[in-house]
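Counting starts at 1 for both ligands and their atoms, following the listed order.
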Amino acid sequence: MTSASTTAPASAPALNTTRSEELFAAAQTLMPGGVSSPVRAFRSVGGQPIFFDRVKGAYAWDVDGNRYVDYIGSWGPAICGHAHPEVIAALHEALDKGTSFGAPCALENTLAELVIEAVPSVEMVRFVNSGTEACMSVLRLIRAFTGREKIIKFEGCYHGHADMFLVKAGSGVATLGLPDSPGVPRSTTANTLTAPYNDLEAVKELFAANAGEIAGVILEPVVGNAGFITPEPGFLEGLRELTKEHGALLVFDEVMTGFRISYGGAQARFGVTPDLTTMGKVIGGGLPVGAYGGRADIMAMVAPAGPMYQAGTLSGNPLAMTAGIKTLELLKQPGTYERLETITKRLSDGIQQGARDAGLPITGGSISAMFGFFLCEGPVRNFEDAKAADTVRFGRLHRAMLERGFYLAPSAFEAGFTSLAHSDADIDATIAAFRESFAAIA
Ligand SMILES: *Cc1c(COP(=O)(O)O)cnc(C)c1O
């Protein structure tokens with residue numbers, strides 16, 4: 001490869017997105033913002049969203065016939081690659097037996113056994129239909145179990161869109177517990193306390209100021225929803241100590257990191273066991289699933305074993321269970337996480353070297369099949385630091401990569417995901433495209 005400093009950046013062929021544009025124009029008259037989930041609309045990177053037609057392995061094809069190497073993987077589930085033949089075959093078989101039973105099925109036992117065996121904190125599990133549902137249910141559970149109402153979350157961490165979690169950053173807003181979204185009653189967020197990520201002192205102060213009132217602490221053990229931010233040594237351990245000391249529960253939201261950071265999630269990787277864990281994404285293998293689980297004595301509170309009500313018409317449905325089981329079976333095979341770690345680190349190193357060679361500030365990294373970078377000097381320890389990243393330049397980078405056939409999350413504040421389907425050649429091509437794109441936007 002030639003050095004970016006001596007060669008004019010290779011320009012990308014024009015991307016034809018005519019059909020995507022037509023569909024998006026129509027979609028905007030049919031659905032708010034033209035999408036079913038906000039980040040998909042490309043608002044923060046500019047330009048128009050791409051409508052996908054089909055996905056397979058590491059690739060996505062849009063409605064205009066363009067192919068992209070995909071680093072979103074449906075926002076996490078596609079860790080074995082999109083439409084893995086074994087997952088699809090298992091789904092075909094399950095489909096013939098019906099799509100939903102509304103009655104217990106053996107597949108639930110199988111997926112529960114796999115999850116319990118893999119995730120250190122989980123002794124019992126309840127299946128739901130999304131990560132949002134898992135997080136809102138676990139919050140009800142920690143309040144029911146402790147008889148306390150306040151919770152601590154971290155600025156920039158995302159736990160789905162339930163009212164109680166829609167308190168983000170901004171010290172004054174956070175301290176007062178003001179709703180960040182219209183429609184969220186102040187009374188709902190008044191008990192949501194926030195602290196900066198990686199700041200144990202702030203958590204200590206909250207415990208001191210709210211003695212005997214805090215039900216628990218919930219966090220992403222590795223942050224992926226404020227960009228990619230890792231826990232500093234001692235942070236997770238410190239939260240484990242503090243919650244124990246104050247009779248509060250520790251919840252790891254592993255909806256993103258579960259079965260991605262390692263087979264046992266971030267808790268297995270870092271050796272810190274929370275009381276409860278939420279999951280989603282990977283455990284549904286691309287179908288709608290969430291789950292929460294943890295200590296058996298706490299899970300015994302959940303109806304019908306106990307008094308805490310939580311239910312779901314489609315929960316534990318045979319299709320979602322089947323896709324989850326097959327995905328975990330694939331991930332369980334030897335060498336899986338070594339492979340993911342190797343390609344992701346190579347990609348991350350290549351991205352950072354590419355930016356530096358183009359004279360651009362960058363910081364970032366990877367753990368297992370999750371990576372991220374910020375276009376700023378760093379270090380980025382929390383959401384406040386992350387806000388220093390150059391989001392305008394990220395928008396241009398996103399476009400430059402898209403034009404070259406590489407699909408990154410359309411936000412400077414989302415982690416990237418690799419899969420077992422990404423080949424060495426895909427990674428090489430991606431690094432080369434980053435080098436060109438950095439040169440083009442420098
Ligand atoms: C995606 C995500 C959620 C929400 O899950 P949905 O299935 O989108 O409702 C919750 N927590 C974390 C950490 C997530 O990444």
Side-chain angles (χ1 to χ4, degrees), residues 35-41 71-79 119 121 126-142 151-168 180-181 192 194 197 216-231 236 239 250-261 265-267 269-270 274 276-294 310 312 314-317 320 323-324 327 367-372 382-383 386 409-411 413-417:
V35 290
S36 298
S37 194
V39 182
R40 296 181 195 168
Y71 287 101
I72 304 184
S74 190
W75 300 94
I79 193 168
V119 186
S121 67
R126 164 61 60 87
F127 293 113
V128 292
N129 303 292
S130 69
T132 293
E133 253 188 85
C135 293
M136 62 186 262
S137 305
V138 91
L139 183 53
R140 186 177 305 143
L141 180 56
I142 65 173
I151 60 147
I152 298 175
K153 78 174 279 285
F154 294 90
E155 294 161 11
C157 281
Y158 181 67
H159 305 295
H161 63 80
D163 284 0
M164 309 74 75
F165 292 118
L166 290 185
V167 183
K168 55 161 200 238
D180 278 349
S181 166
T192 306
T194 62
Y197 200 78
V217 175
I218 184 168
L219 76 158
E220 294 178 61
V222 174
V223 184
N225 287 292
F228 174 77
I229 302 174
T230 56
L236 300 177
L239 293 177
L250 181 62
V251 184
F252 279 5
D253 179 354
E254 298 231 39
V255 170
M256 186 182 285
T257 54
F259 297 91
R260 178 166 289 277
I261 287 295
Q267 55 197 271
R269 174 112 184 187
F270 291 101
L276 293 159
T277 300
T278 55
M279 291 157 280
K281 296 184 175 134
V282 170
I283 63 158
L287 274 87
V289 175
Y292 62 100
Q310 187 273 306
L314 295 174
S315 295
N317 78 78
T327 298
I367 302 181
S368 182
M370 192 169 161
F371 69 95
N382 56 43
F383 190 41
S411 162
F413 302 113
E414 296 282 357
F417 301 127

Give the atoms of ligand 1, by number and element, whose distance to some non-hydrogen atom of [X] is under 4.0 Å.
X      : answer
Gly160 : 4 (C), 10 (C)
Met256 : 15 (O)
Ser130 : 7 (O), 9 (O)
His159 : 10 (C), 11 (N)

Going by heavy atoms in the side chains, are Val119 and Phe259 under 4.5 Å from each other?
yes

Side chain to side chain contact (heavy atoms under 4.5 Å, CB included), paired with Tyr292, selected from Met136, Gln310, Arg140
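The passing option is Gln310.
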
At under 4.0 Å between heavy atoms, is it the side chain or the backbone of Glu220 that contacts ligand 1, or both, or neither?
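Only the side chain of Glu220 comes within reach of ligand 1.
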
Applying a heavy-atom cut-off of 4.0 Å, say which part of Asn225 lies close to ligand 1: side chain, backbone, both or neither.
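Near ligand 1, Asn225 shows its side chain, while the N, CA, C and O stay back.
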
Tell me which protein heavy atom sits closest to [atom], plus the residue, atom name and distance to 0.1 Å.
atom                    : value
atom 3 (C) of ligand 1  : Val255 CG1, 3.7 Å
atom 5 (O) of ligand 1  : Gly131 CA, 3.2 Å
atom 8 (O) of ligand 1  : Thr132 OG1, 4.5 Å
atom 14 (C) of ligand 1 : Lys281 NZ, 3.0 Å

Nearest option to atom 12 (C) of ligand 1, as decided by whichever heavy atom of Val223, Val128, Asp253, Ile218 sits closest:
Asp253

Can you tell me if [X] uses its side chain to pair, donor with acceptor, with the backbone of [Y] under 3.5 Å?
X      : Y      : value
Thr192 : Met164 : yes
Arg260 : Lys281 : no
Glu254 : Gln267 : yes

Inter-residue atom distance His159.NE2 - Glu220.CD, 0.5 Å rounding
6.0 Å

Taking all non-hydrogen atoms of both residues into account, name the closest pair between Ala415 and Phe228 and its distance.
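So the minimum-distance heavy-atom pair works out to CB-CB, 4.3 Å.
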
Derivation and outcome, side chain to side chain contact (heavy atoms under 4.5 Å, CB included), residues Ile367 and Phe270:
CA-CA 11 Å; Ile367 302 181; Phe270 291 101; 4.0 Å; yes

